[in-house]
Student: 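So that we are looking at the same thing, I have put the structure below in structure tokens.
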Amino acid sequence: MTQELSTTYAPNEVENKWYKTWNDGKYFAPKKGKVDEGFCIIMPPPNVTGKLHAGHALDITTQDALIRFKRMKGYETLFLPGMDHAGIATQSKVEELVWNESKKKKHDFTREEFLEKIWAWKEEYGGFIAEQQRVMGASCDWDYSMFTMDAEPNEAVREAFVELYNQGLIYQSDYIVNWDPKLQSAISDAEVEHKEVQGAFYHIHYKVAGSDTLLEVATTRPETLLGDSAVAVNPKDERFAHLIGKKAIVPICNREVPIVGDEHVDIEKGTGCLKVTPGHDFNDFEIGQRHKLEMINILNKDGTLNELGLEWEGLTCKKARSKVVAKLEELGQFVKEEKHVHQVGHGDRSKAVIEPMISKQWFVDVQDMAKVAVDSVETEKTKFYPKGWENTYYSWMREPKNWCVSRQLWWGHRIPVFTCGSCNHQWADKALKPDTCPKCSAKDLEQDPDVLDTWFSSGLWPMTTLGWPNKERMQERGFDRFFPTSVLVTGFDIIFFWVARMMMMGTKFTNKIPFHKVYIHAIVRDKQGRKMSKSLGNGIDPIEMVDTYGADAFRFALAAGSGYNRNINLDPERIGGYRNFINKIWNAFRFISPVLELGSSELPENLDDQEKWILAELNDTAKIMNDSIEEFRYDDSCSAIYSFVYDSFCSWFIELSKNIVNGEDEAKKIQRATVLKYCFREIVALLHPMTPFITEELWTHLKEETEPLLIQHDYPEFKESLAFTDEQKNMNKFIEVVSSVRFLRQSVNIKPKDEVVVALFTDEEETANYFNANKSGISELARAKEVTVESKSSQRPSKAIMKASVHTEIFLPLEGVIDLSDQIKRLEKDLAKVQKEYDKVSKKLGNEKFMANAKPDVVIEVKEKATDFEGQLKSINERLEAFKA
RNA sequence: GGGACAUUAGCUCAGCUGGGAGAGCGCUACCCUUACAAGGUAGAUGUCGGCAGUUCGAUCCUGUCAUGUCCCACCA
């Protein structure tokens, strides 16, 4: 068989083959296992316009590893995929496309015509990303796949909206909202990013009507004075309090406005005198409401000034600003300009400067829902991993703002609110197209033109995908089995947008939390820690990584970098490193494959020392894997299996097995083959969640005919019967001795092929017995023609080099000339090192307070160390003396 | 303005309730040894950000300063 397997593993073909086998064989479908419990992860649906990026790859890897792990543990697992319609992104994309094709704009079509174009685009180009998810090995059940604009989600949206509407939790209001002039739509608070911008304070004189008094007002937005409807001062401010109740005259437009007293005005800030523009400033809006001021809108939907902008009508705010300032200078009412850095809101999608503007929008009153959602996390019904992210969640949810859910777009779930043309009755309806007005039965109905914020439907997603609100569908898709879902895996950037909304909607409509655990994974960055971006050109294309290194290596690299950290700085070289690891596994298999047939499937009774050791190491690894995956510490899982495979299994156990496997003792050979096979079966099983492809491939050679594919096989667990701690201790000494011999050989340039004599001196009886029993192992791995084991009372070889461990002195007797000065230097270095350690512990033992206060077992430990170091020092000193004599 | 998190080997990071500083990658030297050169063997490297405190003992706890990243907040 060895001849058939090449020395390097070629992943691509294997990967395609297995994905097809699993998928065609319905291995991803939920199936009852030995644990009668569901385990469900709803995949965060990627944008339909999207292309797989490194963040998605991490998403898939962490979720799929969990799903595969739980599937093997015997849970009924469901990894449920989906796709998001991504309102703004998709609409913009198609608008651009249509413009390039026909130089036509959205409004050159009817709403229906344009929506048809978007759907057509979605059918043809959308969903490319799902293909890429398959390449990564995502074991999701594609039969469950849902698109957020499908009929089912639409039904859920209508159900939820109407419920909230009828409970009075959705209301329409003329309110100041974040207006995105580029999208020409309102957006929610969460969608506004505040960015630092270099601006200025402009100081302007307002005249007080009927007097010569001038009020100096400071503003960053002088152009908005055209919409001023008051000047406000703090009533406690002695400078201005007497003016309250008088009128001020807004420059340029000469509007006479009241001077009001309001606590909000900060006496220290600016000039202490505030111009109030309720139509275009959130604070001023509130002041306006308190004092019943006029709300003046001076902007068009595209962010340019309207007719109230006078001679500057049609200009953007930015352009109008300097012109207004120039005019003020001309009028002699401009005082000065001071540079000022401040935070300005930008749309997180459009990047446009957000204009606060009053408009009629739909809002969800989230106050009560947010309280429940906060409580669910406080009482740990839903737990965050890592726990620290709770704070981010709380910071938003403890002081929530009502959620503006209407968007002036076309692509999205249409708001199910209807108005009767004849009696003006307004109501929300679960029916797609109600026929008649419930009040007057008229047929002349009009639906609200706006669509809902994408996050409204996303908030319902865990319920929607499991069939809610349709009873039959819920039955079919296993709502009772899978809801609440087990884990939500996502990035921290959408804790507000998504996690918070799902928590609110979930608890509102089902009285249950939508998921038990939330794992917030890191953000993938480039190797220098920079965000991956198109402009920097530092993005890592997952598909390219898979082509170059294989999906398993890429998955392992991502998993190995994932724990409770915030960033993964991904360097393709590291993926290459793990590709080498995958190849190592492949070659380890090539070693054992010729003897696989010899091995039986039951572990033998009379395990030898080495076999007990490797099984105990394997057992420990299984324990770490089980515990760490459960807690999303993939970094720990990966490093445990990595070092087991690399160090314990390949470097020591395989090396120690070579002579047995190639030897004459048939019984021993069969026994060793059995243990090798057992270990390898466990290795591929342990690795399967991270590296599903190569493990499934190798499994075909390891499994019994009657056994299922690895994807369904039992996950290894810790077994009390395989805990051999004594054998582990002894083997560690063995490893130390062999490494020391290798080191000594190199220190005098003994060629790898040349054989040496090894003389060991130890006073530990058990250790001596172990070395005697495993002499052949030492000879093979250290290239010794002779190994002797004696007590420390025995005569040491006269001409030899030596290294002292805590338990054993290792001597290499040498013929010919030894460079004594070299050896002395080396031993003195060892001596200094050990002496330093010894001084540390003996100082402790001499410290009365330590002896009195430290825990007893710590004292014992330190005493033992002192004894060990003493022995080691003695060994080294004796040898030094011998050399110097 | 408020808050969170971080600072450990050249790089990326791990270090559980305080008790001899770790991993991977990279680096150096030697080796084509019959699974593997995508390999083997061995090795070097740290005032655990600074200062002060608590303690018998601090990478770990407290305070403080510095640096960095991120989040929130009404653009006077």
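Below, chains carry the letters A, B, ... as their sequence lines are ordered, and counting in each starts from 1.
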Student: My understanding is that only one of A:Lys275, A:Arg321, A:His280 makes a side chain to side chain donor-acceptor pair (under 3.5 Å) with A:Thr224; could you say which?
Tutor: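 Going through the options one by one, the only one that passes is A:Lys275.
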Student: Mind checking A:Asn853 for me? I need base, sugar-phosphate or nothing, with any heavy atom below 4.0 Å counting as a touch.
Tutor: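 Base: the residue A:Asn853, judged by heavy atoms under 4.0 Å, touches a nucleobase.
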Student: Distance check, C1' atoms only: B:A35 and B:A6, in whole angstrom units.
Tutor: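 44 Å, rounded to whole Å.
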Student: Step through the shown structure and confirm whether more than 12 heavy atoms of other residues, nucleotides or ligands are within 6.0 Å of NZ on A:Lys623.
Tutor: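 No, NZ of A:Lys623 has 12 or fewer neighbouring heavy atoms, counting only those of other groups under 6.0 Å.
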Student: Let me know the distance between CZ of A:Arg826 and P of B:G43, rounded to the nearest Å.
Tutor: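 Value for this atom pair: 11 Å.
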Student: Could you tell me how far B:U59 sits from B:A9 if I compare only their C1' atoms? Round to whole Å.
Tutor: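 Looking at atom C1' only, B:A9 and B:U59 are 14 Å apart.
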Student: Need one value for A:Tyr646: base, sugar-phosphate or nothing, where a base atom within 4.0 Å counts as base even if backbone is also close, heavy atoms only.
Tutor: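 Sugar-phosphate contact only - A:Tyr646 comes under 4.0 Å of backbone atoms but never of a base.
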Student: For RNA chain B, find the residues of residues 629-642 of chain A with a heavy-atom distance under 4.0 Å and give them by number; none if there aren't any.
Tutor: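 Nucleic-acid contacts, sorted: A:Arg633, A:Tyr642.
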Student: Counting only Watson-Crick pairs (N1-N3 plus N6-O4 or O6-N4) and G-U wobbles (N1-O2, O6-N3), all under 3.5 Å, who is the partner of B:U67?
Tutor: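 B:A6 is the nucleotide pairing with B:U67.
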Student: Can any side-chain N or O of A:Asp635 pair as donor or acceptor with the backbone N or O of A:Gly561 at less than 3.5 Å?
Tutor: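 Side chain of A:Asp635 to backbone of A:Gly561: no pair is present.
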Student: Measure distances between side-chain N and O atoms of A:Gln746 and base N and O atoms of B:A29, and say whether any donor-acceptor pair falls under 3.5 Å.
Tutor: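 By the distance-only test, no, there is no pair.
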Student: Find the partner of B:U45: check Watson-Crick (N1-N3 plus N6-O4 or O6-N4) and G-U wobble (N1-O2, O6-N3) distances, both under 3.5 Å, and reply none if neither fits.
Tutor: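 Per the H-bond distance test, none.
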Student: Suppose we define a pair by two distances each less than 3.5 Å, Watson-Crick or G-U wobble; what does B:G24 pair with here?
Tutor: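 Result: B:C11.
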Student: Measure from the side-chain heavy atoms of A:Glu655 and tell me the nearest of B:A76, B:U33, B:A35.
Tutor: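 Shortest atom-to-atom distance from the side chain points to B:A35.
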Student: Report the base-pairing partner of B:G57 (Watson-Crick or G-U wobble, both distances below 3.5 angstrom), or none.
Tutor: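 Its partner is none (no Watson-Crick or G-U wobble pair with both distances under 3.5 Å).
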Student: For a quick check of understanding: with a heavy-atom distance under 4.0 Å over all strands, which category does A:Ser395 fall into, base, sugar-phosphate or nothing?
Tutor: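 Counting heavy atoms under 4.0 Å across all strands, no contact is made by A:Ser395.
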Student: Using the side-chain heavy atoms of A:Asn580, tell me which of these nucleotides is nearest: B:G24, B:A38, B:A76.
Tutor: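 From the listed options, B:A38 comes nearest.
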Student: For B:C5 versus B:G15, give the span between their P atoms, rounded off to a whole number of Å.
Tutor: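 Result for the P pair: 15 Å, nearest Å.
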Student: Rounded to whole angstrom, note down the P distance from B:G2 over to B:U17.
Tutor: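 Roughly 31 Å separates the two P atoms.
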Student: Need one value for A:Lys275: base, sugar-phosphate or nothing, where a base atom within 4.0 Å counts as base even if backbone is also close, heavy atoms only.
Tutor: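 Touches nothing.
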Student: The criterion is salt bridge (Lys or Arg N to Asp or Glu O under 4.0 Å); which residues satisfy it with A:Glu755, sequence neighbours excluded?
Tutor: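 Counting only residues at least two positions away or on another chain, A:Glu755 forms no salt bridge (Lys or Arg N to Asp or Glu O under 4.0 Å).
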Student: Touch check for A:Phe496, heavy atoms < 4.0 angstrom, all strands: base, sugar-phosphate only, or nothing?
Tutor: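 Sugar-phosphate, backbone atoms only, no base.
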Student: Would the number of heavy atoms belonging to other residues, nucleotides or ligands and lying under 6.0 Å from NZ of A:Lys351 be above 12?
Tutor: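 Correct, the count exceeds 12.
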Student: Please find out if less than 6.0 Å separates the ring center of A:Phe384 from that of A:Trp389.
Tutor: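 Ring-ring flag for A:Phe384/A:Trp389: false, centres at least 6.0 Å apart.
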Student: Only pairs with both distances under 3.5 Å count, Watson-Crick or wobble alike; so what is the partner of B:A52 in this structure?
Tutor: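 Matched B:A52 with B:U62 under the 3.5 Å cut-off.
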Student: On a whole-Å scale, what distance lies between the C1' atoms belonging to B:C51 and B:C56?
Tutor: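 Their C1' atoms lie roughly 23 Å apart.
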Student: Measure from the side-chain heavy atoms of A:Lys584 and tell me the nearest of B:C75, B:G40, B:A76.
Tutor: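 Looking only at side-chain atoms, A:Lys584 lies closest to B:G40.
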Student: Using the side-chain heavy atoms of A:Ala854, tell me which of these nucleotides is nearest: B:C31, B:C56, B:C75.
Tutor: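 Among the listed nucleotides, the one closest to the side chain of A:Ala854 is B:C56.
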Student: Can you label the angle between the A:Phe680 ring and the A:Phe589 ring as parallel, tilted or perpendicular, going by 30° and 60°?
Tutor: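 Geometry flag for A:Phe589 against A:Phe680: tilted rings.
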Student: If you measure from the P atom in B:U41 to the same atom in B:U69, how many Å do you get, rounded?
Tutor: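 It comes out at 42 Å once rounded to the nearest Å.
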Student: Under a 3.5 Å cut-off for both distances, is B:U17 Watson-Crick or wobble paired, and to whom?
Tutor: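 Paired with no nucleotide.
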Student: Among the candidates B:U41, B:G24, B:C13, find the nucleotide nearest to the side-chain atoms of A:Ser651.
Tutor: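 The answer is B:U41.
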Student: Which is more 5' along RNA chain B, the nucleotide nearest A:Arg574 or the one nearest A:Ala232? Just name the residue.
Tutor: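 Comparing both residues, the 5'-ward one is A:Arg574.
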Student: Sort out the partner of B:A35 for me: Watson-Crick or G-U wobble, both distances under 3.5 Å, none otherwise.
Tutor: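 In the structure as shown, B:A35 has no Watson-Crick or wobble partner.
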Student: What does A:Arg742 touch in the nucleic acid at a heavy-atom separation under 4.0 angstrom: a base, only the sugar-phosphate, or nothing?
Tutor: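 The answer is sugar-phosphate, as A:Arg742 gets under 4.0 Å only of primed atoms, P, OP1 or OP2.
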Student: What's the spacing between A:Ile592 CD1 and A:Cys679 SG if we round to 0.5 Å?
Tutor: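 A:Ile592 atom CD1 to A:Cys679 atom SG measures 9.0 Å (nearest 0.5 Å).
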Student: Could you tell me if the side chain of A:Val324 sits less than 4.5 Å from the side chain of A:Tyr202, heavy atoms only?
Tutor: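 Heavy-atom side-chain distance check fails, nothing below 4.5 Å.
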Student: Return the nearest nucleotide to the side chain of A:Lys829; candidates are B:C75, B:A44, B:C13.
Tutor: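 For the A:Lys829 side chain, the nearest candidate turns out to be B:A44.
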Student: Classify the ring geometry between A:Phe201 and A:His340 as parallel (under 30°), tilted (30 to 60°) or perpendicular (over 60°).
Tutor: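 Plane angle under 30°, so parallel.
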Student: Return the nearest nucleotide to the side chain of A:Lys855; candidates are B:U34, B:G19, B:U12.
Tutor: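 From the listed options, B:G19 comes nearest.
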Student: Ignoring hydrogens and angles, answer whether the base of B:A38 and the side-chain atoms of A:Arg579 contain a donor-acceptor pair closer than 3.5 Å.
Tutor: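 Checked by distance alone, the answer is yes.
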Student: If the P atom of B:C60 is compared with that of B:U54, how far apart are they to the nearest Å?
Tutor: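 Result for the P pair: 15 Å, nearest Å.
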Student: When the P atoms of B:C16 and B:U33 are compared, how many Å lie between them, rounded to an integer?
Tutor: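 Comparing P positions in B:U33 and B:C16 gives a spacing of 44 Å.
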